[in-house]
Amino acid sequence: MLNPIDTDAVIRDGRVAGVFPGEIHEGVAWWVASCFVVVSRTGQLAVAHDGHPTTAEFHRRFCRGAINAEHWGCQVADLGTAGESQLLRAMTSLGAIPGARLSTGVEGGRKIVTIRLYDADGQPVDEEKGLAKVREMIASDRAPRPVNDQAKGRIIERRDLVESP
């Protein structure tokens, strides 16, 4: 595994979070997304972010990881900048599909990047709902590898699902 992370420290407490740079890097977003698609067995996923400049590359990598998850051919509804309630409404509008929201906060001058995963019912994904399996897949270097173009899903911009703030 290139650029390994301390999965027990970063993937816990119902989220994926770490100091950037240092504890977490952009590749983690790819790993988490591809593993989440496999664990949740989904062909659709809604993804949003907070608009912070640091989050932008994590968001891009997360979407790419989701569409490259094994044979799932996942279709990613990219909502762009959206809050949690907007994401949850969009997930429902799209037929009760899983989702993810990426954000960056600053604490003591350090950037903390957080990825929150939600199941198809809009509930946060915790240890029992799949976070432990995602962590185990990444820790054991079993994150799905990129697939060929025929097996790859698509990223579709769906800013129309997000109400204006």
Fill in: Ion pair R60/E57, N-O distance below 4.0 Å
yes
Worksheet item: If you take all heavy atoms of G153 and Q75, which pair is closest and at what distance?
Response: CA-NE2, 3.7 Å
Worksheet item: Is there a side chain to side chain contact (heavy atoms under 4.5 Å, CB included) between R135 and D8 once you walk through the steps?
Response: CA-CA 7 Å; R135 180 178 49 250; D8 290 331; 3.4 Å; yes
Item to complete: Any chance you could measure F36, atom CZ, to T42, atom OG1, to the nearest 0.5 Å?
Response: 7.5 Å
Discussion item. When you measure from the side chain of R61 to the backbone of F58, do you find a donor-acceptor pair of N or O atoms at a distance under 3.5 Å?
Written reply: no
Discussion item. Using 0.5 Å steps for rounding, measure from the CG atom of D119 to the OG atom of S40.
Written reply: 9.5 Å
Worksheet item: Is any side-chain N of the basic residue among E70 and R145 closer than 4.0 Å to the acidic one's carboxylate O?
Response: no
Worksheet item: To the nearest 0.5 Å, what is the distance between CD1 (I11) and CD1 (I5)?
Response: 4.5 Å
Worksheet item: Would a 4.5 Å heavy-atom cut-off, applied to side chains only, mark W72 and R41 as touching?
Response: yes
Practice prompt. Mind telling me whether W31 and H25 have parallel, tilted or perpendicular rings, with 30° and 60° as the class edges?
Written response: perpendicular
Worksheet entry | Taking every non-hydrogen atom, the tightest pair across A66 and L45 | CB-CD2, 3.8 Å
Item to complete: Check V76 against C63 and note the closest heavy-atom contact, atom names and distance.
Response: CG1-SG, 3.9 Å
Item to complete: Find out if a path of hydrophobic residues (ILVMFWY) with successive side-chain heavy-atom gaps under 4.5 Å connects V147 to I155.
Response: no
Fill in: N/O donor-acceptor pair under 3.5 Å between E107 side chain and G105 backbone
no
Worksheet item: Mind checking whether V32 and F62 have side chains closer than 4.5 Å, heavy atoms only?
Response: yes
Worksheet item: Of all heavy-atom pairs between A69 and S34, which one has the smallest distance, and what is that distance?
Response: CB-O, 3.5 Å
Discussion item. Under the criterion side chain to side chain contact (heavy atoms under 4.5 Å, CB included), I'd like the reasoning laid out for V125 against V39: C-alpha separation, chi angles, the key distance, then a yes or no.
Written reply: CA-CA 11 Å; V125 173; V39 168; over 6 Å; no
Worksheet, complete the sentence: Rounding to 0.5 Å, atoms CD (Q44) and SG (C74) come to a distance of 7.5 Å
Worksheet item: Taking the side chain from R101 and the backbone from A82, do they hold a donor-acceptor pair closer than 3.5 Å?
Response: yes
Worksheet item: side chain to side chain contact (heavy atoms under 4.5 Å, CB included) between V19 and I24: does it pass, once the steps are laid out?
Response: CA-CA 6 Å; V19 174; I24 196 169; 6.0 Å; no
Worksheet entry | Straight-line distance of Q123 CD to Y118 OH, nearest 0.5 Å | 10.0 Å
Worksheet item: Does L94 belong to the same Ile/Leu/Val/Met/Phe/Trp/Tyr cluster as V162, with side-chain heavy atoms less than 4.5 Å apart forming each link?
Response: yes
Fill in: Verdict with supporting geometry, R116 and E84, salt bridge (charged side-chain N to carboxylate O under 4.0 Å, His left out)
CA-CA 10 Å; R116 294 204 184 269; E84 180 184 44; over 6 Å; no
Worksheet entry | D149/K152 salt bridge by N-O under 4.0 Å criterion | yes
Discussion item. Could you report the tightest heavy-atom contact between C35 and M137, atom names first, then the distance?
Written reply: SG-CB, 3.7 Å
Worksheet item: Has the side chain of R15 got a donor or acceptor atom that lies under 3.5 Å from a matching backbone atom of T114?
Response: no
Practice prompt. Please examine the side chains of V113 and T54, heavy atoms only from C-beta on, and report whether any two atoms are closer than 4.5 Å.
Written response: yes
Item to complete: Apply side-chain hydrogen bond (donor to acceptor under 3.5 Å, both in side chains) to T55 and D50, showing your working.
Response: CA-CA 7 Å; T55 311; D50 65 354; 2.9 Å; yes
Practice prompt. Measure the spacing between CD1 of I97 and OG1 of T92 and express it to the nearest 0.5 Å.
Written response: 9.5 Å
Worksheet item: Between D78 and R159, is there a salt bridge with N-O shorter than 4.0 Å?
Response: yes
Worksheet item: For M91 and A46, which heavy atoms make the closest approach, and how far apart are they?
Response: CG-CB, 3.8 Å
